[in-house]
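Here's the structure, in structure tokens; my notes come after.
In what follows, chains are A, B, ... by sequence order, proteins preceding strands, each numbered from 1.
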2 protein chains.
Amino acid sequence: MARVSLKTVAKEAGAGSVRPAAKAKEKSRTNDPDRTRANIIEVATHEFSEKGLSGARIDEIAERTRTSKRMIYYYFESKEGLYRAVLEESYRRIRTIEATLDLENKPPLEALAQHVRFTFDYQLANTDFIRLVMVENIHHGEHIAQLSQTQQANMAAIDTLRGIVQRGIDSGVFRKDLNPIDLHMSISALCFFNVANRYTFSTIFKVDMASPAETAARRESVADMVLRFVAP
Amino acid sequence: MARVSLKTVAKEAGAGSVRPAAKAKEKSRTNDPDRTRANIIEVATHEFSEKGLSGARIDEIAERTRTSKRMIYYYFESKEGLYRAVLEESYRRIRTIEATLDLENKPPLEALAQHVRFTFDYQLANTDFIRLVMVENIHHGEHIAQLSQTQQANMAAIDTLRGIVQRGIDSGVFRKDLNPIDLHMSISALCFFNVANRYTFSTIFKVDMASPAETAARRESVADMVLRFVAP
DNA sequence: ACAAACGTACGAACCAGTGCGTTTATGTCA
DNA sequence: TGACATAAACGCACTGGTTCGTACGTTTGT
């Protein structure tokens, strides 16, 4: 059925990943499993986050890749396998970035405020991740349930917050009955909504939640709400 | 192009829809367009909310209906048409129920607290609706964008909150710079997350967010957070 | 030489949508 | 009132395009 060749000719495109200098004739193929794998995941991440697990098409993902559909199955075995790899990688990325923040040495109130603003901005800048979480919840979390590695690592992500809360309580600037997990949930909820429900909310209330002005105001409102929440 | 009439034959619709007494032989079919339509929407609501727009299957919806697949296309024209009808009906239902609450005559603080707890409980009890909103946002809100009727009616849904805010400010128990839409967003965010992200959050943090104890604690935490937020 | 990495082309199941014929309800006029 | 025409409501069985997945052969690296 005249299915088009889909060459993906040449191209140095890459965000990085230098190739061997050879390049002489474009006829030659270069094996680079790491790059191929990473490239597939990158494309798939965007595709799954845009269309969901059921809405995404393996053929379309393959098309946007520098390799072929066969390679997707070679590396990931199935559509769900690929989805799981995408989920894992997205969760891995968020926690490595979160760890770079140094909030341990700042006064609790300031540290918390910064933590909230950072979370807000990170989620705003990583809508792909947010949407993947939405998709995963539509699927009842059955895939992340299989990634125990990911679960553990992400549970540890609130250790920073836990530390801030402890210091805040100790120094008397936070109320004593504060529950770190509950606090984390509230922060997540406020930041998450801003990205996740942007479309329906903007449509109904005729505001452009993606605009810089709206975003800035919202960020401060969220920070304010959290700070008020922890006060004694 | 046998394009169906789409009658909407007036009628008192009601959840009940009494049938003609006839019923004589079970061999005979009884035409009851309203009931058929409502039945399809009911089944489709659950199916779309469980599997999403792309994940849901028309054949499966038809199977769970008391009628045939052909009727789905007879009444709704396409899968997306059915989805739109489902979305519209879900939004319609939430606002009629919301309107039944009488908060106009209670003191602002009490009214707000009740409003928050009601929102929390309603969303908890109507996961189908919440999940539909998630699905719609995955699709960039392109379907609700076509339902201007629904948009308008739902924008009006914050009039109650707006009234409470005004009375609270006037009587001095709320701070003056409170923005009703911003407040509404925060309340929605806190309640929404509880249902929408239940699976990933429960999995990562090893808590059962659906349990009564967890739910009750969370409801009070949310109410507390909102009340602190509005204080002068 | 041998395994890992890769591409092409194909198949089988799935699934939205429809052609067409049948039954039920309703209006109309003798 | 009842015969009849017409429209609405309905069901069966099918189709054509889509889509996940793979058989099989080729190239690259060690």
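- A straight line from CG of A:Asp32 to C1' of C:dA5 spans 11 Å, rounded to a whole angstrom.
- For the 3.5 Å distance criterion, the side chains of B:Tyr83 and B:Glu136 qualify, holding a donor opposite an acceptor.
- We find that CZ of A:Arg57 is positioned 12 Å from C1' of C:dA16, with the value rounded to whole Å.
- A donor and an acceptor atom, one from each side chain of B:Arg218 and A:Ser186, are located under 3.5 Å apart.
- At the phosphate of D:dC20, neither OP1 nor OP2 sits under 4.0 Å from any side-chain N or O atom of A:Ser78.
- Taking side-chain N and O atoms only, A:Arg70 has no distance below 4.0 Å to OP1 or OP2 of D:dG21.
- The main-chain N or O of B:Arg35 is never found under 3.5 Å from a side-chain atom of B:Asn39 such that the two would form a donor-acceptor pair.
- One cannot find a donor-acceptor pair under 3.5 Å joining the base of D:dG11 and the side-chain atoms of B:Lys69.
- For the pair A:Ile58 CD1 and D:dG21 P, the interatomic distance rounds to 7 Å; values are reported in whole Å.
- At whole-Å resolution of the value, CE in B:Met71 and P in D:dC10 are 6 Å apart.
- Rounding to whole angstrom units, CG of residue B:Asp34 and C1' of C:dA25 are separated by 14 Å.
- For the pair A:Tyr73 OH and C:dC10 C1', the computed distance is 14 Å after rounding to whole Å.
- Residue A:Tyr75 has a polar side-chain atom (N or O) positioned under 4.0 Å from OP1 or OP2 of C:dC6.
- Considering all non-hydrogen atoms of both residues, B:Glu88 and B:Thr150 come closest at CG-OG1, 3.5 Å.
- For A:Gln149, the CD atom sits in a loose shell: 12 or fewer heavy atoms of surrounding residues, nucleotides or ligands are nearer than 6.0 Å.
- When the side-chain nitrogen and oxygen atoms of A:Thr36 are compared with OP1 and OP2 of C:dC6, one or more of them lie within a distance under 4.0 Å.
- In this structure, A:Ile40 places its CD1 atom 11 Å from C1' of C:dC6, rounding to the nearest Å.
- Distance A:Ile61 CD1 to D:dG21 C1': 14 Å, rounded to the nearest Å.
- Residue B:Ala62 is out of contact with every strand shown, counting any heavy-atom pair closer than 4.0 Å.
- Distance from the side chain of B:Thr67 is smallest for D:dC10 among the nucleotides C:dA16, D:dC20, D:dC10.
- Taking side-chain N and O atoms only, B:Ser68 has no distance below 4.0 Å to OP1 or OP2 of D:dC12.
- Contact annotation: A:Tyr74 does not reach the phosphate of C:dC6 (side-chain N/O to OP1 or OP2, under 4.0 Å).
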